[in-house]
Each structure stands twice: as C-alpha cells, then as structure tokens.
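Structure, as structure tokens:
Bear in mind the structure is a predicted one, so any value in this text is a computation, not a measurement. A, B, ... follow the sequence lines: proteins, then strands. Residue 1 opens every chain. The figures that follow rest on heavy atoms only: side chains count, while hydrogens, waters and symmetry mates do not.
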2 protein chains.
Amino acid sequence: MDAPVTVLDRLLEISDLFQRDLAREFAGSSLTPARTRVLWDLVHSGPSTQHALATRLEVSPRNITGLVDALEASGYVRREPHPDDRRAVLVSLTASAAELMHEMQRDHAELSDTLLGAVAPADRDAFLRGVGAVADRLRDLVEAAEAGRSAARAGVDR
Amino acid sequence: MDAPVTVLDRLLEISDLFQRDLAREFAGSSLTPARTRVLWDLVHSGPSTQHALATRLEVSPRNITGLVDALEASGYVRREPHPDDRRAVLVSLTASAAELMHEMQRDHAELSDTLLGAVAPADRDAFLRGVGAVADRLRDLVEAAEAGRSAARAGVDR
DNA sequence: CCATATCGTGATGATACTTCACTATCACCC
DNA sequence: GGGTGATAGTGAAGTATCATCACGATATGG
C-alpha cells in the first residue's frame, strides 16, 4: 500500500524535470528562474511599468525593483522614463535580450513538440484533451479555494 | 504568431497551480514546501541520516541541517543518535507528523482522482499513457543533458 | 596507529520573496 | 489654487531556501 504512483506524481515530476533543465540552461549566466520570468513576461506584454509587471507576475512591487535592478545591470533590460507619468518607469527588453527570448521561445516550442512526439499517435488527441481538462479543473479548484479564503476574510467587512 | 499555448505550457501551469495550493494549505503553520519535502521523504524512506536525506533530495547536507532544525523545533521530527555510527544522527517522524503525512497522502490521492475525473472516460487510458510517455521522455532528455555536462567535465580527468 | 574519507555544523553569502515607511507625483474636487 | 487621497517606485529590515568552505568528531582500511 505504500505509494502507488498517481497522475499527480507524474505531472509534478514533469515540472520538476523541466525546472531542473531550465536551471542547468542558465547556470553560469546571471539569469535565474525569477529573472527569466520577468523577461518572458516582457516578450509577451511589451514595455511595462514595474507595477504592471508586479501585478502580472503576482509578486510585490518591491520584488520587481530588485529583479529589474539585476536584469538592468546585466544588460537585459532598460529603464526609461514613462512619457506620461513622471512617477513611473518603463522597462523594456534590450535588443540582445529580445533575441535571446525568441531563441528560448523556439526551444520551448521544440521541446513541446518532442514531448508530444513521445506520445503514441493514436493517443495524442485524447492526451491533449486530458491535459486541458486537468488544467481547467485544477484552476477551478484553486480559484475556489482562494476565493473561499478571501470571502471568509471579507465576510466580516460586508 | 504570438504564443500558441503548448502542451508544455499546460503542464507547467498545472504544477504552478498545485504549488500554489500547497503553499496556501500550509500558510500559517511552520511547514514550508522545502520542509514538507523532507517529511514526505521520511514517510517513504523511514528514519534516515541527514546525509541520506541530502542525497535523496539532491540538496547540500548543510541545507538539511537547517531544515531538520526547523522541523525538530516544531515537533515534526526527532533526532536520535545512530546506533552504529556516532558521527551520524537518525531523523525520524514524530507520531503526530506521521499522522499528518498520512492525511496528506490521502488528500493527494484524492486530488489525483478528482483531476483524473475531469478527463472524459473515453480519454482516460490514452491520457494516462501519454502522461507516462512524456515523463519518461523528459527524464531521458534531462539525464542525457546532465550526463553530457558531467562527461565534459570528467573528460579531462579520464 | 595513522592516513583518509565521511557526518554534521558554524560562518558567510546569494537569490527570492515579504511588509512597512517614505518620497515624488498624479488626479480630483471645492 | 490648494488640499486630499491614491499610485509608482525604493530604502530598510526580515524570512526561507539554497550554496560553498572550513573544521571537529568519528569511522575505516591498510
């Protein structure tokens, strides 16, 4: 009865392996998972204020300050004054960082294909539907749990 | 052309959601992800030396010292002298921690079932095969990458 | 019995986060 | 205009998880 391997175990192993691969990829460079996340977001969202980054990445604005400091020092991003708001700064990727991120995006897609290629062709459609269904269900569960807590706390106020 | 959602994205989202759920679960208690990992390992492996823990969890022995310190202070584990080796200590779960871990194991299995329940019955077998295949493939890839690096470094010596 | 490896830990430091306090600015409203 | 209150970013201080290096205590194998 000790520890049958569940689907969840497998899914967690996958993400663990991926993270390890990412860490290995950037060993030696000044890029770290958290800093890479910032770059990744900037590719998708374009030049952003630090506040916007903090909101999208769900971390404190103070934390973004430190991450951008490091990325700026290593030449991955630039801080420019916001044209309409003198309080804010716009963080944007440097050309070389943009190039790097496109490479990473290609690698990411390629890895995704490789992994899908490991699935028997006859299973692929069902597999994709299954992954989507699990992600959706889990998202709902987490959302409900978090809303529950918020509601409990907000309950006193309302 | 900007960012089609890949399988890999979905898999990473799943693990991200799960981690967030775990963190929420233990908010307020003295348990943290890293400390929980130690407890989880002890359930599977039984009383262990800190060195064994460090090896299995792939972290430095020094780090284990700190994690066990915290777990011991909170009453989750006990440190006992190793019967055959006066250098080593045996770390074992307290009764209440063992109980807690069994609960967690039940919850984990239950969540796994719930997630699998979100997959259409006709897709389930293919989905399970697919998840296994992807995990296997990724494990091979990471292993090869790490072996490559080790080989490169060991190459000078041999 | 001595050289060497192993087990744990103190010291020190990096990264990734937090909250709190504070400044500079913006936006609104009378 | 001149407050007034929200917002953008950052300094200060603290926590958790990791790493490396040095060191003492012990085991082990000639």
Roughly, in whole Å, what's the span from [atom1] in [X] to [atom2] in [N]?
X	N	atom1	atom2	answer
A/R37	C/dT15	CZ	P	18 Å
A/D69	C/dC17	CG	P	14 Å
A/Q50	C/dC17	CD	C1'	16 Å
B/Q19	C/dC17	CD	C1'	14 Å
A/H51	D/dT10	NE2	C1'	14 Å
A/I64	D/dT7	CD1	P	18 Å
A/L57	C/dA16	CG	C1'	13 Å

Who are the salt bridge (charged side-chain N to carboxylate O under 4.0 Å, His left out) partners of [X], not counting sequence neighbours?
X	answer
B/E58	A/R20
B/R87	B/D85
A/R78	A/E80
B/E110	none

For [X], check side-chain contact (heavy atoms from CB on, under 4.5 Å) against everything at least two apart and list the hits.
X	answer
A/D140	none
A/T36	A/F26, A/L31, A/M104
A/R37	A/L57, A/V59

Task: B/R79 vs C/dT9: side-chain N/O to OP1/OP2 distance below 4.0 Å - done: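 Checking C/dT9 against B/R79, a side-chain N or O does come within under 4.0 Å of OP1 or OP2.
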Open item on the list: Please confirm whether the shortest side-chain N or O distance from B/T65 to OP1 or OP2 of C/dG8 is below 4.0 Å.
Closed with: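 No, B/T65 has no side-chain N/O under 4.0 Å of OP1/OP2 on C/dG8.
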- [ ] Output the residues of residues 86-93 of chain B in contact with DNA chain C, where contact means a heavy atom of the residue under 4.0 Å from an atom of the strand; sort by number or write none.
- [x]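 Residues of residues 86-93 of chain B that come under 4.0 Å of DNA chain C are, in numerical order, B/R87, B/A88, B/V89.
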- [ ] Please list all pairs passing the ring pair (Phe, Tyr, Trp, His ring centres under 6.0 Å) test where one or both residues lie in residues 89-117 of chain A, with sequence neighbours left out.
- [x]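 Listed by first then second residue: A/W40-A/H108.
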Open item on the list: When you compare the side chain of A/S74 with that of A/R35, does any pair of heavy atoms fall below 4.5 Å?
Closed with: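 A side-chain contact is absent here, since even the closest heavy-atom pair is not under 4.5 Å.
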Open item on the list: Counting the atoms with a prime plus P, OP1 and OP2 as sugar-phosphate, which does A/L67 contact under 4.0 Å by heavy atoms, base, sugar-phosphate, or nothing?
Closed with: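 A/L67: backbone/sugar contact only, no base atoms under 4.0 Å.
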Task: Between the first and last five pairs of the helix from C/dC1-D/dG30 to C/dC30-D/dG1, the angle of the axes, rounded to 10 degrees - done: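 Its terminal axes enclose an angle near 10°.
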Below 3.5 Å is the cut-off: list the nitrogen or oxygen pairs between protein and nucleotides 18-21 of chain C, distance only.
{"unit_1": "C/dT18", "atom_1": "OP1", "unit_2": "A/S60", "atom_2": "N", "d": "3.4"}
{"unit_1": "C/dT18", "atom_1": "OP2", "unit_2": "A/S60", "atom_2": "N", "d": "2.9"}
{"unit_1": "C/dT18", "atom_1": "OP2", "unit_2": "A/S60", "atom_2": "OG", "d": "2.5"}

Open item on the list: Hydrophobic clustering (ILVMFWY, side-chain heavy atoms < 4.5 Å, transitive) - are B/L12 and B/V142 grouped together?
Closed with: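 Yes, because B/V142 and B/L12 connect within a single hydrophobic cluster, where side-chain heavy atoms sit under 4.5 Å apart.
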Show me the donor-acceptor pairs, under 3.5 Å and distance only, between side chains in residues 123-134 of chain A and residues at least two apart or in other chains.
{"unit_1": "A/D123", "atom_1": "OD1", "unit_2": "B/R129", "atom_2": "NH2", "d": "2.9"}
{"unit_1": "A/D123", "atom_1": "OD2", "unit_2": "B/R129", "atom_2": "NE", "d": "2.7"}
{"unit_1": "A/R124", "atom_1": "NE", "unit_2": "A/L116", "atom_2": "O", "d": "3.3"}
{"unit_1": "A/R124", "atom_1": "NE", "unit_2": "A/V119", "atom_2": "O", "d": "3.1"}
{"unit_1": "A/R124", "atom_1": "NH2", "unit_2": "A/V119", "atom_2": "O", "d": "3.0"}
{"unit_1": "A/R129", "atom_1": "NE", "unit_2": "B/D123", "atom_2": "OD2", "d": "2.7"}
{"unit_1": "A/R129", "atom_1": "NH2", "unit_2": "B/D123", "atom_2": "OD1", "d": "3.0"}

